[in-house]
Amino acid sequence: MAAPPPAEVVSVAVAAVPARRPRGVRPLAMPGLLLGDEAPNFEADTTHGRIRFHDFLGDSWGILFSHPRDFTPVCTTELGRAAKLAPEFRKRNVKMIALSIDDVSDHLAWSKDINAYNGDEPTEKLPFPIIADAKRELSIQLGMLDPDERDKEGMPLTARVVFVFGPDKKLKLSILYPATTGRNFDEILRVVDSLQLTAKNKVATPVDWKRGDRVMVIPSMPDDEAKKLFPEGIFTKELPSGKKYLRYTPQP
Ligand code: BEZ
């Protein structure tokens, strides 16, 4: 992806987001990254100093989650939960980074509130950096602005986007929620487990799957290959169609 757009382009792009969208018209592409796209190697100021995104990710998995604004209630609960779950993300070799459209000094002051919300010492320290994007340059580059959610000045806010990147820096998953709906960070951990499992093994995870549950054999795999690959056995559910596509195997 290209370098961040210059300031003039940003102000024109932000101003161009109409207050009411005609049905079916998309003023800014959301989301700005598609599965398989490489993460842009942006530079940004964060609460942990200036970063270059690819260096920040290193060889790890990465999760980038955006927030509409600092000092807002839903975001505070989300970042509190993200901080509590940081050891779980660390165990899975996932680097966490948040983004909100305020500056570093606001982010640091807000971090105290987030720690206090968690019942911890109200320090400026969180276990992950928060990117400062007061000019919305990165939010525009990443297609995160929600045309329907505005601040008091009528400027568009960022939606609640989750991007999960693999160690190859390619986008493996994106989730897009509006500002008024908080995310479920246990669900984000769950999908990371699925992404990491299915990156290593030729399996898929069924509805509501959690670590340790049985998994599905992928439809493109012939039975004889599946039998060799999954020595613990395959259970095929009989279905009215007579088609043998619902094949389970224990989690490899
Ligand atoms: C919040 O984080 O509470 C929030 C932010 C923007 C709009 C609605 C809610």
Side-chain angles (χ1 to χ4, degrees), residues 10-11 13-21 23 25-33 44-48 62-86 88-89 96-120 122-164 173-191:
V10 171
S11 52
V14 168
V17 182
R20 290 220 178 271
R21 277 180 295 169
R23 202 183 281 239
V25 173
R26 298 172 72 203
L28 282 178
M30 283 190 78
L33 282 183
D45 289 320
T46 80
T47 48
H48 292 191
I63 168 177
L64 166 60
F65 43 105
S66 64
H67 295 271
R69 202 90 225 216
D70 293 8
F71 305 107
T72 49
V74 177
C75 297
T76 302
T77 61
E78 285 191 325
L79 283 189
R81 184 73 185 133
K84 290 261 190 221
L85 286 177
E88 290 298 321
F89 283 97
M96 307 169 80
I97 189 161
L99 176 152
S100 181
I101 52 173
D102 287 289
D103 60 25
V104 167
S105 60
D106 280 332
H107 289 349
L108 290 171
W110 184 33
S111 301
K112 291 186 188 171
D113 290 359
I114 294 161
N115 282 314
Y117 163 78
N118 269 354
D120 296 331
T123 66
E124 293 179 341
K125 236 173 121 185
L126 285 174
F128 47 80
I130 308 176
I131 296 170
D133 191 31
K135 292 191 188 143
R136 295 168 167 79
E137 287 172 341
L138 195 51
S139 305
I140 288 177
Q141 189 188 359
L142 298 174
M144 289 171 162
L145 288 188
D146 179 350
D148 286 341
E149 200 63 57
R150 306 267 165 168
D151 63 16
K152 284 191 218 102
E153 286 78 43
M155 298 290 273
L157 297 171
T158 33
R160 299 184 193 282
V161 179
V162 180
F163 288 141
V164 179
L173 173 130
S174 77
I175 300 175
L176 178 57
Y177 281 31
T180 39
T181 300
R183 289 158 285 199
N184 180 327
F185 275 72
D186 292 303
E187 166 63 4
I188 296 170
L189 262 186
R190 190 193 73 84
V191 294

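Start at 1 and go down the list; that is how both ligands and their atoms are numbered. Throughout, numbering of the chain's residues begins at 1 and tracks the sequence. Please read these numbers as outputs of a predicted model, since none were measured by experiment.
Contact check on Arg136 versus Asp151 returns a salt bridge, with a Lys/Arg side-chain nitrogen under 4.0 Å from an Asp/Glu carboxylate oxygen. Arg81 has no carboxylate O lying under 4.0 Å from a charged side-chain N of Glu78, or vice versa, which leaves the two without a salt bridge.
Listed by number with element, the atoms of ligand 1 under 4.0 angstrom from any heavy atom of Thr72 are 1 (C), 2 (O), 3 (O), 5 (C). Close approach of ligand 1 to Val74 is summarised as follows: ligand atoms under 4.0 Å from at least one heavy atom of the residue are 1 (C), 2 (O), 3 (O).
Ring centroid separation for the pair Phe185 and Phe65 comes in under the 6.0 Å cut-off.
Remark: ligand 1 and Glu149 share no N or O pair separated by less than 3.5 Å (distance only, no angle test). Here's the thing with Pro68: none of its N/O atoms is less than 3.5 angstrom from an N/O atom of ligand 1. Polar contact check, Leu157 against ligand 1: no nitrogen or oxygen pair lies under 3.5 Å apart.
If you check which protein heavy atom lies closest to atom 9 (C) of ligand 1, you get Ala179 O, 3.8 Å. Ranking protein heavy atoms by distance to atom 4 (C) of ligand 1, first place goes to Arg160 NH2, 3.6 Å.
Between Leu173 and Ile175 there is a side-chain heavy-atom pair separated by less than 4.5 Å.
Between Asp133 and the choices Ser139, Ser66, Ser100, the side-chain hydrogen bond (donor to acceptor under 3.5 Å, both in side chains) rule is met once, by Ser139. A side-chain hydrogen bond (donor to acceptor under 3.5 Å, both in side chains) with Trp110 is found for one member of Asp70, Thr47, Thr76 and no other, namely Thr76.
Put simply, no part of Arg150 is less than 4.0 Å from ligand 1, judged by heavy atoms.
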